[in-house]
Amino acid sequence: MLKIYNTLSRQKETFLPLEEGKVGIYVCGLTVQNYSHIGHIRSAVAYDVIRRYLEYRGYDVTYVQNFTDINEKIVERAREEGLTAEELAEKYTQAYLEDIEQLNVKRASHYVKATENIDAIIGMIETLLEKGYAYEVNGNVYFSVENYEDYGKLSGRSLEDMQAGARIDIVEEKKNPLDFALWKKAPEGEKDWESPWGRGWPGWHIECSAMSMKYLGKSFDIHGGGADLIFPHHENEIAQSEACSGHKPFAKYWVHNGPVNLKGEKMSKSVGNFYTTRELLEKYRGVEVRYYLLTKHYRSPIDFSLEELEEAGTSLKRITNTINNLRRLLNTKVDIENKKAGEGEKLPDLAAIKDEFLQAMDDDFNTARAIGVVHDFVTAVNRLVNAQDFVLTESNYSFIKEADAIFTEILGILGLDVREADTQTAGEGLHEPLIELLLEVREMARQKKDWAVADRIRDGLNELGIIVRDTPQGVIWEKERG
RNA sequence: GGCGGCAUAGCCAAGUGGUAAGGCAGAGGACUGCAAAUCCUUUAUUCCCCGGUUCGAAUCCGGGUGCCGCCUCCA
């Protein structure tokens, strides 16, 4: 039975969709103002796994993610880059989509943009005005937090709490400092839209309410986003959505992923201490970054470090090696000894392993634990397959076949595509034939047991960044990683 | 100041009141001419500190200490 931690209740709840067999998920994406960084990617991967697991469990999932493509920051950044707001948003939207593709994140059912849903946004604001939850002043429309009785239920604070420690700019025209803009006048000369209150832009929070309801209905199952969005963004979304529709709950399960910090500091665009996804992907494969993120539970904060990312790569390699090894065995159709299922042959319990994996995933998508199970599985398989007295009996063969199928199944849930890593090719400036020639000479030396010459060649190549390895199948060389 | 979260081996990390998963690094071993790569084995009498509840607590309660997030249109 799947349990999900719901920020609204602050506890794990059994997952029951509003409509049998179907799940609607809305995830707050990002403001497309720059290249994505590891924090954005963490969010993307977290919800991708949630989505994949729900699909694995047989649900028909509608996954909606937004791009905030108009606001002050977009305009500001567009000016810096000498682009229009539309061009800038388009540029970084495409960049983001490329980034997440490398992380094997599935495409959303719908990617929605504020600028493409202005009508829905205006319609919603009109309803809020009619129902008395909003007021207009000088071309700006504000939501009145005092008129919505449940304000604060998500973040667990009362209006009094918030006003007490207020660090909010006092805006004279607001009735309450916590009131937030639904519609705002745009700065002179910037892209804006006609509305009943004059030309302007939507406020930040309203787009998510309008678009989620448009695509998923007045109530839907899961609303996700970064924990930093709990207040004020999601609090405001709930207030305006429930006030507008009269339906509760707006979203049944509120899911929040933890932040990514760097050297103990919060990593964000404003601090400027982040790695962009592109920078990381120059040095690390998408699958490694994804694996690294999944070794921690999605709600825990991550203190990002390249050392850990590196270690994750090593850890992942262990899994990859085992799978490649299984596939190699499956391809050796020869020599399946007739020996029937050996007496005393004890094979790992595959069903139990899979079950354990699913239990971990059922427990609020505990990928860290699930990956632990994968490693247990790896050890169990290696122990069998690498045993000195291992022979490919019929029963072993079918075991391997099934083990391979289970690996594919559970790694698919995690979205870890561990197919053979790219084979590194020769270093620049070094001619392959030359290397081959050197290795040929080395082989001759080895035949004569002239270890000094053989080792000199190996060490020399090593200094040039070429790693030489002797294997039972012959010598292998590859370019040093990184 | 207000709200919330976290403290588990050198590092990362999971953990449903019943006697500490997993990974990385380290150590030992197999393999190798030696290596490399790979594989196997091994590494916490104890879970920040002090009390309490309980037959029994890393897990629950109270207090303390330390760190972090949010309260700023950052995922």
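In the text below, chain A, chain B and the rest are named by the order of the sequence lines, each starting its count at 1. These values consider heavy atoms only, across backbone and side chains, with no hydrogens, waters or symmetry-generated copies.
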Please compare A/Pro202 and A/Ala387 by the position of their nearest nucleotide in RNA chain B and report the one closer to 5'. A/Ala387
Report which part of the nucleic acid A/Arg157 touches: base, sugar-phosphate, or nothing (heavy-atom distance under 4.0 Å, all strands). base
Report which part of the nucleic acid A/Gly29 touches: base, sugar-phosphate, or nothing (heavy-atom distance under 4.0 Å, all strands). sugar-phosphate
Have a look at A/Ile230 and say if it touches a base, only the backbone sugar-phosphate, or nothing, with a 4.0 Å heavy-atom cut-off. nothing
Taking 4.0 angstrom as the limit, do A/Asp192 and A/Arg199 come out as a salt bridge? yes
Are A/Asn382 and B/C40 close enough that a side-chain N or O sits under 4.0 Å from OP1 or OP2? yes
Hey, is A/Glu190 close enough to A/Arg79 for a salt bridge, meaning N to O under 4.0 Å? yes
Select one nucleotide: of B/C39, B/A14, B/A75, the one nearest the side-chain heavy atoms of A/Val260. B/A75
Under 4.0 Å, counting only non-hydrogen atoms across every strand here, what does A/Val468 touch: a base, just sugar-phosphate, or nothing? base
When you get a sec, tell me which of B/G2, B/A14, B/C74 is the closest nucleotide to the side chain of A/His297? B/A14
Pick the P atom in B/G51 and in B/U42, then give their distance to the nearest Å. 36 Å
Specify whether A/His233 and A/Trp204 have parallel, tilted or perpendicular ring planes, treating 30° as the upper limit for parallel and 60° as the lower limit for perpendicular. parallel
Base paired to B/G26 (Watson-Crick or G-U; both N/O distances under 3.5 angstrom): B/U42
Heavy atoms from C-beta onward define the side chain here; which of B/C68, B/A36, B/G2 lies closest to that of A/Asn261? B/C68
Can you list the residues that meet the ring pair (Phe, Tyr, Trp, His ring centres under 6.0 Å) rule with A/Tyr151, with sequence neighbours excluded? none
Mind checking side chain to side chain contact (heavy atoms under 4.5 Å, CB included) for A/Trp193 and listing every partner two or more places apart, or none if nothing turns up? A/Ile70, A/Thr115, A/Ile118, A/Trp183, A/Lys191, A/Trp201
Can you tell me the Watson-Crick or wobble partner of B/U19, both distances under 3.5 angstrom? none
Taking N or O atoms only and anything under 3.5 Å, show me the protein contacts with nucleotides 21-24 of chain B, one pair per line.
unit_1 : atom_1 : unit_2   : atom_2 : d
B/G23  : OP1    : A/Arg318 : NH1    : 3.4
B/G23  : O2'    : A/Ser315 : OG     : 2.7

Counting the atoms with a prime plus P, OP1 and OP2 as sugar-phosphate, which does A/Lys317 contact under 4.0 Å by heavy atoms, base, sugar-phosphate, or nothing? sugar-phosphate
Residues which pass ring pair (Phe, Tyr, Trp, His ring centres under 6.0 Å) with A/Tyr253, listed by chain and number, not counting sequence neighbours: A/Phe15
By ring pair (Phe, Tyr, Trp, His ring centres under 6.0 Å), A/His110 pairs with (sequence neighbours left out) A/Tyr215
Classify A/Ser300 by what it touches in the nucleic acid, base, sugar-phosphate, or nothing, heavy-atom distance under 4.0 Å. sugar-phosphate
The criterion is ring pair (Phe, Tyr, Trp, His ring centres under 6.0 Å); which residues satisfy it with A/Tyr96, sequence neighbours excluded? A/Phe67
At under 4.0 Å between heavy atoms, what does A/Glu72 touch on the DNA or RNA strands: base, sugar-phosphate, or nothing? base
What string of B, S and - do you get for nucleotides 28-33 of chain B, 5' to 3', if B is base contact, S is sugar-phosphate-only contact and - is no contact with any protein heavy atom under 4.0 Å? --S--B
Give me the distance, rounded to whole Å, that separates B/C55 from B/A14 when you measure between the P atoms they each carry. 32 Å
Span that lies between the C1' atom of B/U72 and that of B/G56, in whole angstrom: 49 Å
Nearest-nucleotide pick for A/Arg10, side chain only, options being B/G4, B/A13, B/A75: B/G4
Once salt bridge (charged side-chain N to carboxylate O under 4.0 Å, His left out) is applied, do any residues pair with A/Arg42, and if so which ones, sequence neighbours excluded? none
On RNA chain B, compare the nucleotides closest to A/Gly226 and A/Arg383; which residue's is nearer the 5' end? A/Arg383
Please list, chain by chain and in numerical order, all residues satisfying salt bridge (charged side-chain N to carboxylate O under 4.0 Å, His left out) with A/Asp48, sequence neighbours excluded. A/Arg52, A/Arg290
Can a side chain N or O of A/Lys296 be found less than 4.0 Å away from OP1 or OP2 on B/A14? no
